[in-house]
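Since we're looking at a predicted model, the values are computed, not measured. The figures that follow rest on heavy atoms only: side chains count, while hydrogens, waters and symmetry mates do not.
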Amino acid sequence: MIFPSKIKEKKSECETYICPECGNNFYFIQDYSRGEIICGECGIVVLDHVIDHGPEWRAYDSTEKENRTRTGGPISFRIYDKGLSTIIDRYNQDFLGRKIASNKRAQLYRLRYWQFNSHLHRNIARNLNTAMNELDRLASQIELSANIKEMAAFIYRKAAKGQYLKGKVISETVAASIYVACHIYNFPILLEELATHSKANKKNIARTYRYLIECLNLKIRNIDPLEYIVRFSEELNLSPTIQLKACKIIQLAYQKNLTSGKDPKGLAAAVIYIAGLLEGEHCSQRKISRVSHVSEVTIRNRYKEIVEKLDLKLYPIKNKKGGSQLMKVIKSLH
DNA sequence: AAGACGAAAGTGGTTGA
DNA sequence: TCAACAACTTTCGTCTT
């Protein structure tokens, strides 16, 4: 890290600087995707963690630039009014920072009171405000990305606008919106995980999820088992070799059409188990069951189906004590 | 005790008449 | 609306080391 003070020696108005590393005048290159300013001569990173003060939109001609020019922060579906409304603050100061006269303060107080009432006390705004707070809380606890949060907020708003949420519990609908958004972005979320952090239970979240899909006429695909394989393998501290093998097995299962109608979590759990046997890094059904929230019986059923349909040969493993309890799957997978 | 396996009973969703 | 069905879960017992 090179301190900004070192490049303060601005030589002219044509935005050239003295590079602290090579000593030459340089034309700086701004890389806002990485938040870095780079010396055009020697390529060294002169500044990092640079804040992009520009707009988040792009304009390709002067008309677009004019139309899109605005002030304030970007709009967001996660804020109940999308961040567009103005508020009267509590500081009793004018725009120059001078104190408001006491005779005007009472009037300002009444204005503030009515503005608050007119904004938040409308049913829809109050509902959205509560819902967006709940969404933010839930998404932060599960550590979801900003675009999943934004999509969940968008889905909630769409349902609210269509009058589909009358009589619905906010916490259930918010959790269901997040579940829908995760499906759209193919993020391997578990219903149990949502239910743990939400006030709503698993059954109600699942029911509301189906309700939202029906009301909004959404075409939702199942989450790819590959995503679950990565997630479960990481939680079980399995080697990348197991992950790779599990991915190969699931691809073969796809080709044989063994995956349709099956829970992707169950499929992922089963192929991880098979991959463990293949690679000699055995992971018990119980451990996989705990991580995947799929019962051991389901893992066994999927595992047997896959082994049978992919024509994988089963041979008993002789352990140290001469036992033959575990079965090894033998087949070259390509 | 741990791990694997299987049977039986029950649950909740989907589909078609 | 309801029965049939597939997928899945829970529970329990058995086997093996």
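- Residues A:L191 and A:L212 are members of one and the same hydrophobic cluster, defined by side-chain heavy-atom contacts under 4.5 angstrom among Ile, Leu, Val, Met, Phe, Trp and Tyr.
- Counting non-hydrogen atoms under 4.0 angstrom, A:G261 reaches the backbone sugars and phosphates but no base.
- Phosphate contact (OP1/OP2 of B:dA4, side-chain N/O of A:H282, threshold under 4.0 Å): present.
- Formation of a donor-acceptor pair under 3.5 Å by the A:S289 side chain with backbone atoms of A:V294 is found in this model.
- Here C:dT10 is the nucleotide among B:dG3, C:dT10, B:dG6 with the atom lying nearest to any side-chain atom of A:V297.
- One atom, OH of A:Y209, and another, P of B:dT14, lie 10 Å apart when rounded to the nearest Å.
- Atom NE2 of A:H293 is separated from atom C1' of C:dT10 by 16 Å (rounded to the nearest Å).
- For the pair A:R221 (side chain) and A:H183 (backbone), a donor-acceptor distance under 3.5 Å is absent.
- In this pair, A:Y209 and A:Y179 present their aromatic rings perpendicular. The plane angle is above 60°, beyond the 30 to 60° band.
- Between A:Y273 and B:dA4, a side-chain N or O to OP1/OP2 separation shorter than 4.0 Å is present.
- Taking atom CD1 of A:I299 as the reference point, atom C1' of B:dG6 lies 16 Å away to the nearest angstrom.
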Problem set entry | Steps toward side chain to side chain contact (heavy atoms under 4.5 Å, CB included) verdict (A:E281, A:S239) | CA-CA 8 Å; A:E281 198 178 324; A:S239 67; 2.8 Å; yes

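- The nearest whole Å value for the distance from the CD1 atom in A:I288 to the P atom in B:dA2 is 18 Å.
- Contact of the A:V297 side chain with the A:N301 side chain is registered, since non-hydrogen atoms from C-beta on lie closer than 4.5 Å.
- A continuous path of ILVMFWY side-chain contacts below 4.5 Å connects A:L216 to A:F154, so both sit in one hydrophobic cluster.
- Straight-line distance from the CD atom of A:E296 to the P atom of B:dA8: 20 Å, rounded to whole Å.
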Exercise. Please, what dot-bracket string fits DNA chain C when only Watson-Crick and G-U pairs with both distances under 3.5 Å count, crossing ones use [ ] and pairs to another strand use |?
Worked result: |||||.|||||||||||

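- Residue A:S284 is classed as a sugar-phosphate contact, given heavy-atom separations below 4.0 Å to backbone atoms only.
- If A:K304 and A:R286 are placed on DNA chain B by their nearest nucleotide, the residue sitting closer to the 5' end is A:R286.
- Closest non-hydrogen pair, A:I229 versus A:Q243, comes out as CG2-O, 4.1 Å.
- B:dC5 atom P lies 14 Å from atom CD of A:E308, rounded to whole Å.
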For this session: Dump the intermediate steps for salt bridge (charged side-chain N to carboxylate O under 4.0 Å, His left out) on A:K265 and A:E192, then the final yes or no.
Result: CA-CA 12 Å; A:K265 298 198 298 289; A:E192 291 79 6; 5.0 Å; no

Look for any protein N or O under 3.5 Å of an N or O in nucleotides 9-13 of chain B and output each such pair with its distance, or none.
| unit_1 | atom_1 | unit_2 | atom_2 | d |
| --- | --- | --- | --- | --- |
| B:dG13 | OP1 | A:R210 | NH2 | 2.4 |

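- Taking atom CZ of A:R300 as the reference point, atom C1' of C:dC12 lies 12 Å away to the nearest angstrom.
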For this session: Take A:E214 and A:R210, measure what salt bridge (charged side-chain N to carboxylate O under 4.0 Å, His left out) needs, and give me the verdict at the end.
Result: CA-CA 6 Å; A:E214 197 186 331; A:R210 286 190 299 275; over 6 Å; no

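- Counting only heavy atoms from C-beta on, A:K262 has its side chain closest to C:dA7 among B:dC5, C:dT10, C:dA7.
- C:dA6 atom P lies 18 Å from atom CG of A:L267, rounded to whole Å.
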